[in-house]
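Note: hydrogens, waters and symmetry copies are ignored here, and every other heavy atom, side chains too, is used. Atoms within a ligand are numbered from 1 in the order they appear, just like the ligands themselves.
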Amino acid sequence: MSDTHEHAAGDSVPELKQRIQELEAMLHACRVRLPNAPAEAVRELAESEERFALAVRGTNDGIWDWDIRTGEVFFSPPWKSMIGYEDDELENVFATFDKLLHPEDHERVMATLNDYLESRIPRYSVEFRFKHKDGSWRWILARGRSLRDKSGKPYRMAGSHTDVTERKHDEEELHKARQAAEAANSAKSVFLANMSHEIRTPMNGVIGMSELLLGTTLDDSQREYLNMLKDSADSLLELLNDILDFSKIEAGKMDLDSHEFDLNTIVTETVQAMGIRAFQKRLVLLHHISPEVPARLLGDDGRLRQILINLVGNAIKFTHKGGVTVEVNVESGTADALMLHFKINDTGIGITPEMHESIFEAFTQAEASTTRRYGGTGLGLAICRDLVTLMQGRIWVESQLGVGSTFHFTAAFGRTSGISIKPLSPRFQPVMTAPASMRVLVVEDGHVNQLVSARMLEKRGHLVTLASSGQEAIDFFNSEPFDAILMDVQMPGMNGFEATAAIREIEKKSGEHVRIIAMTANAMKGDREDCLAAGMDDYIAKPLRSVELFQVLEKNSRRSMIQEPEQPFTRVEAAAIRPPVESVPFDLAAFRESAGDEKLMRKLIAIFPEDTQKYLKKAEKALAAGKAKPLYEAAHSLKGMLGVYAADKALRLASELSEYAHAGDLKGAQLMYDQLKKECAMLNGALMGAYDPGI
Ligand code: ADP
């Protein structure tokens, strides 16, 4: 009898019989105790008896039946054997139950019981630890139901005990495992932050030094090797950024910024940045923003740019013929927010239907061979999907193998309250015009990094003073005037935050304010906020890229405001390349920067006449036929390619031509076309003259 509870579904017939007998005995006892029960109560009792009988036959549960008025309780033999006792070893009174309850659970169980009896809760169901004869604790699930008299007062309560110890242990194990996994995950993100810091610092040296070396006189093979070195370092950094982003999202540490930005600029700049790749593959890269889209929006432009770069980058990567178009439309809108719909269409290799969902999973690529042929990690789309979700949108693909793909995503943005000004034509990164010289204090403890930043700045024409510690920085600051301070954040001794605080304190007396720009290799969330909170004005991540460095440094600088507006050559470029003689139809420095290397520059110059002719002819034909659409397309293509050459004036003309074509004004378009044609011829001459491909 004592171990009946250990049998489950396969209970033997005699045992079942015995249980039924027990139950009948119990029922009998109840009847005896209730000789004059009202008819309704008797019926209710009969029903619950039936339920119990069923329950008992099918389970290993123990049964209890408590006469509230007398305090007597019937505990069925399985109730007792569940905790190791024979039937006669435990007294059938409420105190037995009371005594065996775990002290820590006692109060809670009694409170639940009272709540039920006083009808504050509809059901009695409670879990607690119960003492086994062998001294161990078993987890019990108790359930029960009461019978009440006319006034609603309970006079009897009966129910079951189920041993849930195993389930509880499983739950505990699961809980522990989850905690361990969470701890491991957060350890992983801390590790990644540290690793990113550790890798970024030496990479700053590698990328910075190769940038500097590229600016020196090199022979062809040296330049080629160096370009390969820099390309590898750049892709390593890209990979590192992807992994970091992904782990940030996984750890729930990715937050979106929200500020005002110009959508047109973001899309145009992205397309321009990718233009060079499309151009190399002879692909047409077009973009169109619906006029309904407001010029200025609120949101995270950096992350939007990241999504676009990823999708446009993939589209170019997986397309060998034809082209890529980017379209932006309004999906829906309210007074203060709107949902935009972005479409990136390509005429590339396409994706099989089975992969339409899974390519958005991390580390998934459409086919194993894709990896070898096209490279990549399979993280890009996973990051896009997560970013889009953070922007309250969704991402999906429509694609046909061998025909092409269209990636769609939606994202929500806020409307701005101010008046929106739509820029007439895309501007070039203002950074590429050389500024007047600034006096810059560079505070940095690592020798390589000192050299990288100092050389970059000196080549740009700035005057650099180096400080190796926070204290040295303060000493210099006290003895000389500076236009800006570039401050490493992590330094032994006095760190960048402390040095900044000290400088801000000194400034309180003079009332001056020197721009302090933080340099940090940590790319985790909160860095930027920390720097700004510490009194710094701006922030730049390592590895330093000259373009970003100059952009941040020269932003709002007093000196750059009074500088001559156009001065397209910095000393480096002037030394390496023969300058054009008079008028400057393009910005050589910017062209050089966007091409990235000399070899590509040469190639681009060599193909310039053929390509411009192609599009100009197309435009001419469209004008002659009075067709606005092909004219618009041709102008658009010209715009894309002229951007690569940093040909500001030609770009503006092409842009205006495309606007006339878009508006269907063919007369205006003709005028623009004539000017553009002349400008392209001049540009061609200037390109040839500026750079002798034979050198
Ligand atoms: P990666 O490009 O680094 O491999 P992604 O997550 O960006 O990672 O893309 C995952 C996979 O989806 C790619 O490897 C490719 O197989 C497929 N894919 C993405 N974009 C395109 C596209 N435009 N055309 C064809 N296949 C694509």
Sub-4.0 Å atoms of ligand 1 with respect to non-hydrogen atoms of [X]:
X	result
Ala315	23 (N)
Phe407	19 (C), 20 (N), 21 (C), 22 (C), 23 (N)
Ser405	24 (N)

Checklist entry - What is the ring orientation for Phe261 with Phe413, classed by angle as parallel under 30°, tilted 30 to 60°, or perpendicular over 60°? => result perpendicular
Checklist entry - Should one rank Thr319, Ile351, Val397 by closest heavy-atom distance to atom 25 (C) of ligand 1, which comes out on top? => result Ile351
Item to check | Lys317 N/O to ligand 1 N/O under 3.5 Å | outcome: yes
Item to check | Trace of the salt bridge (charged side-chain N to carboxylate O under 4.0 Å, His left out) decision for Asp219 with Arg223 | outcome: CA-CA 6 Å; Asp219 69 30; Arg223 189 165 294 281; over 6 Å; no
Checklist entry - Considering the options Val330, Leu338, Leu340, which one meets the side chain to side chain contact (heavy atoms under 4.5 Å, CB included) requirement together with Glu292? => result Val330
Checklist entry - How does Phe360 reach ligand 1, by side chain, by backbone, by both or by neither, if only non-hydrogen atoms under 4.0 Å count? => result neither
Checklist entry - Hey, do the aromatic rings of Phe586 and Phe608 have their centres closer than 6.0 Å? => result no
Item to check | Basic-acidic side-chain contact under 4.0 Å: Lys614, Glu610 | outcome: no
